[in-house]
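First the structure, in the form of structure tokens, and then the observations on it.
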Amino acid sequence: MTIRLLVVDDDPLVRAGLSFMLGGAEDLEIVGEGADGSEVPALVARLAPDVVLMDIRMPKVDGLTATEELRRRADAPEVVVLTTFHADEQVLRALRAGAAGFVLKDTPPAEIVAAVRRVAAGDPVLSPAVTRQLMTHVADGAGATGSRDPRRSTAATKVAGLAEREREVAVAVGRGHSNAEIAATLYMSVPTVKTHVSRILSKLALNNRVQIALLVHDAGLVDEDPPT
């Protein structure tokens with residue numbers, strides 16, 4: 001299956017470089033390019049990409065706003081954010097909006113191709129290690145500003161609707177554990193873990209496991225003692 005890719009970046013040299021690098025993959029097709037987030041709705045409607053590679057910083061409509069608007073669509077393509085930072089507030093906002101992950105602009109071409117393939121297959125492009133890094137960043141920011149409190153009650157209410165086993169899996173996801181690690185810790189099979197993750201996504205109306213991690217962290221659940 002050919003993955004249809006839309007590249008959105010305000011720097012024409014970056015767009016040209018990405019199109020050149022990614023266009024060489026046999027299973028990727030660059031269906032279009034955009035220079036600003038304001039162009040994304042029309043481009044997506046016309047070109048029907050599977051994945052949008054989205055720059056964060058653009059002059060008129062930034063990639064964050066474009067991602068938030070795009071992910072509200074019922075038939076929205078997946079979004080991978082392009083950034084120069086590992087874990088800043090803008091990346092976190094994009095992930096909360098439903099982006100499937102992020103890649104750094106200086107990432108080797110083969111890794112960007114692999115990221116696009118993973119997202120097209122329904123997997124987020126954040127490793128457990130990067131997920132843990134993001135959770136640490138959320139915790140540090142909340143501790144400094146108190147910004148976590150307004151979200152906590154809402155997040156806790158959402159998580160309260162999960163069954164006990166689903167909640168355990170959600171917390172493990174929030175700790176950055178892989179499916180295999182969750183299976184070993186909670187004494188279940190990997191397919192069962194995947195089933196629970198799918199149910200959690202459906203019940204909480206989330207897009208991917210990164211959003212699960214952010215939600216349980218907002219609810220304060222990752223501060224609890226892990227199972228032994």
Side-chain angles (χ1 to χ4, degrees), residues 8 37 40-41 44 51-58 61-104 115-116 118-119 122-162 166-167 169-177 197-223:
V8 183
V40 170
V44 168
V51 178
V52 178
L53 201 54
M54 183 96 72
D55 185 25
I56 285 185
R57 294 170 176 84
M58 291 182 284
V61 176
D62 62 34
L64 301 174
T65 301
T67 296
E68 290 169 344
E69 293 178 356
L70 188 58
R71 292 303 299 172
R72 294 190 190 106
R73 297 168 56 120
D75 57 345
E78 297 292 348
V79 176
V80 177
V81 171
L82 281 169
T83 181
T84 55
F85 298 94
H86 280 277
D88 64 5
E89 291 301 327
Q90 292 180 315
V91 170
L92 289 169
R93 180 179 154 193
L95 295 174
R96 290 186 191 281
F102 69 90
V103 294
L104 301 179
V116 170
R118 286 189 59 187
V119 166
D123 297 322
V125 292
L126 293 178
S127 67
V130 173
T131 300
R132 284 190 284 268
Q133 178 187 3
L134 283 166
M135 295 307 103
T136 299
H137 186 78
V138 171
D140 291 345
T145 66
S147 62
R148 181 174 166 183
D149 291 339
R151 289 196 183 101
R152 177 167 290 213
S153 60
T154 299
T157 298
K158 290 182 178 179
V159 175
L162 299 176
E166 292 167 348
R167 180 179 178 276
V169 170
V171 171
V173 170
R175 293 193 172 106
H177 295 168
V197 171
S198 295
R199 288 175 179 168
I200 293 165
L201 293 172
S202 177
K203 282 187 176 182
L204 301 181
L206 301 176
N207 289 284
N208 52 53
R209 65 191 294 129
V210 178
Q211 287 190 320
I212 296 176
L214 290 169
L215 184 69
V216 297
H217 200 286
D218 286 343
L221 298 180
V222 294
D223 300 328

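Values reported hereafter were calculated over all heavy atoms of this structure, with side chains retained and with hydrogens, waters and symmetry mates removed.
Contact detail for Val61 and Ala66: the closest heavy-atom pair is CG1-N, 4.1 Å. The two residues Glu68 and Arg72 come nearest to each other via the heavy atoms O-CG, 3.2 Å. In terms of heavy atoms, Glu78 sits closest to Val119 at CB-CG1, 3.1 Å. A pairwise comparison of heavy atoms in Pro41 and Gly37 identifies CD-O, 3.7 Å as the closest pair. In this structure, Ala155 and Ala219 approach most closely via the heavy-atom pair CB-N, 3.7 Å.
The CE atom of Met54 sits 13.5 Å away from atom OG1 of Thr83, with the distance rounded to the nearest 0.5 Å.
The side-chain heavy atoms of Ile212 and Leu204, taken from C-beta on, include no pair separated by under 4.5 Å. A 4.5 Å side-chain heavy-atom check between Asp218 and Arg96 finds at least one atom pair inside the cut-off. Counting only heavy atoms from C-beta outward, the side chains of Val216 and Val173 never approach each other to under 4.5 Å. Looking only at side-chain heavy atoms (C-beta outward), Glu69 and Val40 stay at 4.5 Å or farther from each other. At least one side-chain heavy atom of Leu82 sits less than 4.5 Å from a side-chain heavy atom of Val103. The side-chain heavy atoms of Arg175 and His217, taken from C-beta on, include no pair separated by under 4.5 Å. The side-chain heavy atoms of Leu162 and Val169, taken from C-beta on, include no pair separated by under 4.5 Å.
A donor-acceptor contact shorter than 3.5 Å is absent between the side chain of Ser202 and the backbone of Ser198. Arg209 places no side-chain N or O within donor-acceptor distance of the main-chain N or O of Gly174, the cut-off being under 3.5 Å. Of the possible polar contacts, one joining the Asn208 side chain to the Ala99 backbone as a donor-acceptor pair under 3.5 Å is found.
For the pairing with Arg93, the side-chain contact (heavy atoms from CB on, under 4.5 Å) check across Thr65, Ile56, Val81 returns one residue only, Thr65.
The neighbour count for Lys203 NZ, taken as heavy atoms of other residues, nucleotides or ligands under 6.0 Å away, is above 12.
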Using side-chain contact (heavy atoms from CB on, under 4.5 Å), reason through Val52 and Val80 one step at a time and then give a plain yes or no. CA-CA 6 Å; Val52 178; Val80 177; over 6 Å; no

